[in-house]
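These notes concern the structure reproduced below.
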Amino acid sequence: MSDFLYKLNPAQREVVQYLNGPCLVVAGAGSGKTLVIEYRVVNLINHNINPSQILLLTFTRKAATQMLLRAAKHNYQARNVSGGTFHSFAYSILNKYSKVLKLNTFVILDEEDSQQVISWCTKQLGLDKLEKPFPKKDQLRKIFASSINKNLSVEKIIEDEYPVFSDWTSEIIKINKKYQEIKKEHGYMDYEDLLVNLYYILKEQEKLRSYISQQFCYIMVDEYQDTNTLQAEIVYLMAKEHQNICVVGDDAQSIYRFRGATHRNIMTFVNKFPNCKVFKLEANYRSQQKILDVANAILSQMRHRYFKQLYSAKQLTGEMPYLILCRNSFNEASWIADKISENLNKGITLAEQAVLFRSSYVSIPVQIELQKRSIPFKVWGGMAFQETAHVKDLLSYFRLLVNPMDEIALRRVLLLVDGIGPKTAQQIIKEFRFCKNNISLANFLSQRFHRPQLERLISLFKKLEDPSYNLKRKYECLLHYYKPILENKYDDVLDRLQDLEVLKEIILRYEDLRDIENFLADFVLEISEDQPYLTQETKKESVTLSTIHSAKGLEWRVVFVMGLVEGVLPSSFSFDNPDALDEEHRLLYVALTRAKEMLFLSASYEQSSYGLPQTKRLSRFIDSKFILSYLKSIIVDYNSCITISNCYE
């Protein structure tokens with residue numbers, strides 16, 4: 001046995017040593033699945049599998065990079081393994097075989113760009129001035145994306161998720177058709193197109209699919225429970241010939257249905273690959289046993305699951321988890337703030353404590369309470385770095401260096417110039433589009449639109465187009481040009497300038513301007529799942545306040561899960577949908593399994609509705625003698641004595 005295998009427990013070792021044929025690894029929370037993937041990569045290479053034939057698909061590029069870097073410490077050849085997200089892998093294949101799609105080149109649209117194209121389509125169809133309420137461009141974008149991710153028609157998405165727009169179904173379908181046409185005409189692809197076109201190649205181009213499949217003879221997929229229908233089909237088509245497919249995930253942590261992820265993929269994987277071997281990782285390296293007892297009890301009540309029983313691998317013991325019952329949300333918030341302070345006095349830092357909740361609004365009383373007590377906190381979320389306006393502004397200039405015909409980028413750049421409005425910008429774009437001569441942007445603007453307000457922009461483009469300028473110098477010129485614009489547009493200039501310094505560091509990792517195309521693709525594909533964007537202020541020692549969705553994959557010594565009442569968790573929107581209700585159940589399981597040492601569940605029975613108090617019932621997921629037997633109850637009421645029975649029954 002190789003030395004590194006001794007670090008694994010028997011169940012982990014069995015997975016790592018199973019190299020050929022399909023396998024499903026049901027990895028319980030905190031069971032060390034990342035280590036298993038890392039060591040399995042090493043073991044494949046140690047058994048003379050060419051690293052270039054191994055493909056690791058994850059949901060963040062950061063995760064793939066970290067796993068492969070750790071694997072390389074055991075065998076340096078792991079650096080040659082292909083790893084990344086479904087979208088980045090799709091980009092690499094489409095970039096190589098774009099001629100199959102009759103494309104010479106293509107541009108990846110981010111969310112804002114996609115919305116802008118949809119806005120154009122709406123205007124071209126004369127649907128931008130309708131009298132009745134009509135979906136906005138961001139809502140249309142969500143409808144079209146959901147249609148692809150959930151493998152449902154636009155009509156069905158509107159019927160199920162956006163019934164308020166049902167009167168406009170035919171118009172929305174027309175916009176979607178136009179949107180597809182515009183993208184094809186201009187060589188644009190949004191995130192969904194990357195997967196759709198990869199699926200097309202694998203499904204319709206049999207010889208090419210066979211070649212790609214042979215190129216990647218060993219495939220591993222992390223977080224398989226988070227795949228959507230299209231991603232699962234891509235995995236199947238890639239692996240159906242050689243059958244060397246290993247997927248790792250936890251059915252009980254499938255909580256991204258709103259993104260199109262489907263719990264069915266992990267449950268039906270064994271049907272797609274009949275000879276599949278199923279492994280279970282049940283040893284938990286995160287939580288003490290009494291927390292796991294509650295998690296196991298919650299897990300046992302779920303429908304449609306793989307049976308597993310988590311146990312503390314380190315035989316950790318600790319306090320029994322608590323159920324805190326309060327009259328209202330402000331009492332609940334006050335108790336949580338008291339406990340956070342108490343824990344801090346006991347030596348548990350703020351960074352080691354987190355408050356989790358189903359929806360952001362639930363946390364407002366806690367935010368107010370913590371602020372009153374001057375306890376620093378960060379709300380996990382916020383706009384992703386690459387989606388901030390100032391970063392998108394600078395990227396637009398680089399996009400134009402790669403593709404001067406990028407109308408989205410050119411419009412954004414022109415509208416940043418004082419005195420240039422939408423009409424003038426459109427006129428410039430129109431004339432440049434039909435300019436037959438192979439002319440640079442700088443020369444075109446100086447010859448056709450030499451206006452005083454454009455002089456600085458023309459001068460900038462001459463420098464950016466100058467081949468003697470290296471990438472660093474180009475960026476410095478751009479920053480010098482953009483700084484006055486930044487100062488005029490925003491109040492928080494220093495924070496934004498700091499962001500642009502970070503962007504500079506990222507860009508300078510690429511050797512020269514020839515790599516800028518790869519940089520732009522990488523940057524768009526670094527989707528915000530990796531980590532929410534945090535300002536310098538929120539990086540200080542602070543308590544984390546987070547939605548459960550954002551907390552997945554993280555852990556803290558102490559976890560508070562608040563708002564455990566009917567209508568909040570589970571959400572009232574799930575009451576009439578069994579699949580949605582099942583996911584709410586899994587959300588609670590994810591929240592519980594974030595805690596390492598101490599777990600506090602809380603609920604307030606008196607909720608306000610339109611200014612009037614209403615009595616809420618305890619969440620159905622914990623309102624049973626079986627579940628409550630694993631919890632120690634504390635009644636908190638500053639007005640009168642109450643009991644569980646007269647609160648919730």
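Keep in mind that this is a model prediction, so the values were computed, not measured.
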Discussion item. I need the Ile182 CD1 to Ile118 CD1 distance, nearest 0.5 Å.
Written reply: 11.5 Å
Discussion item. Within the 3.5 Å criterion, strictly below it, is a donor on Thr122 or Ser119 matched to an acceptor on the partner's side chain?
Written reply: no
Discussion item. For Phe144, does the six-membered ring have the charged nitrogen or CZ of Lys142 within the cation-pi criterion, i.e. under 6.0 angstrom from the centroid and within 45° of the normal?
Written reply: no
Practice prompt. Count the heavy atoms belonging to other residues, nucleotides or ligands that lie under 6.0 Å from CD of Glu206, then report whether that count exceeds 12.
Written response: no
Discussion item. Classify the ring geometry of Phe461 against Tyr397: parallel below 30°, tilted from 30° to 60°, perpendicular beyond 60°.
Written reply: tilted
Item to complete: Check the angle between the aromatic planes of Phe432 and Phe444 and answer parallel, tilted or perpendicular using the 30° and 60° thresholds.
Response: tilted
Discussion item. For Tyr97 and Tyr211, take the angle between the two ring planes, folded into 0 to 90°, and tell me which bin it lands in: parallel under 30, tilted 30 to 60, perpendicular over 60.
Written reply: perpendicular
Worksheet item: Do Ser396 side-chain atoms and Lys392 backbone N/O form a donor-acceptor pair below 3.5 Å?
Response: yes
Fill in: Any side-chain donor near an acceptor of the partner, Asp250 and Gln253, under 3.5 Å
yes
Fill in: The single option from Gln180, Glu181, Glu185 passing side-chain hydrogen bond (donor to acceptor under 3.5 Å, both in side chains) against Lys183
Gln180
Worksheet item: Side chains of Gln225 and Glu223: donor-acceptor distance under 3.5 Å anywhere?
Response: yes
Fill in: Heavy atoms of other groups near Phe258 CZ, more than 12 under 6.0 Å
yes
Discussion item. So, using ring pair (Phe, Tyr, Trp, His ring centres under 6.0 Å) as the criterion, who are the partners of His263 when residues are at least two apart?
Written reply: none
Practice prompt. Determine whether the side chains of Asn80 and Ser52 contain a donor N or O and an acceptor N or O closer than 3.5 Å.
Written response: no
Item to complete: Ignoring hydrogens and angles, state whether a donor on the side chain of Asn443 or Ser440 is under 3.5 Å from an acceptor on the partner side chain.
Response: yes
Item to complete: Quick one: pull up CG in Leu208 and NZ in Lys96 and give me the separation to the nearest 0.5 Å.
Response: 10.0 Å
Item to complete: Let me know which of Val107, Leu109, Leu194 forms a side-chain contact (heavy atoms from CB on, under 4.5 Å) with Met189.
Response: Leu194
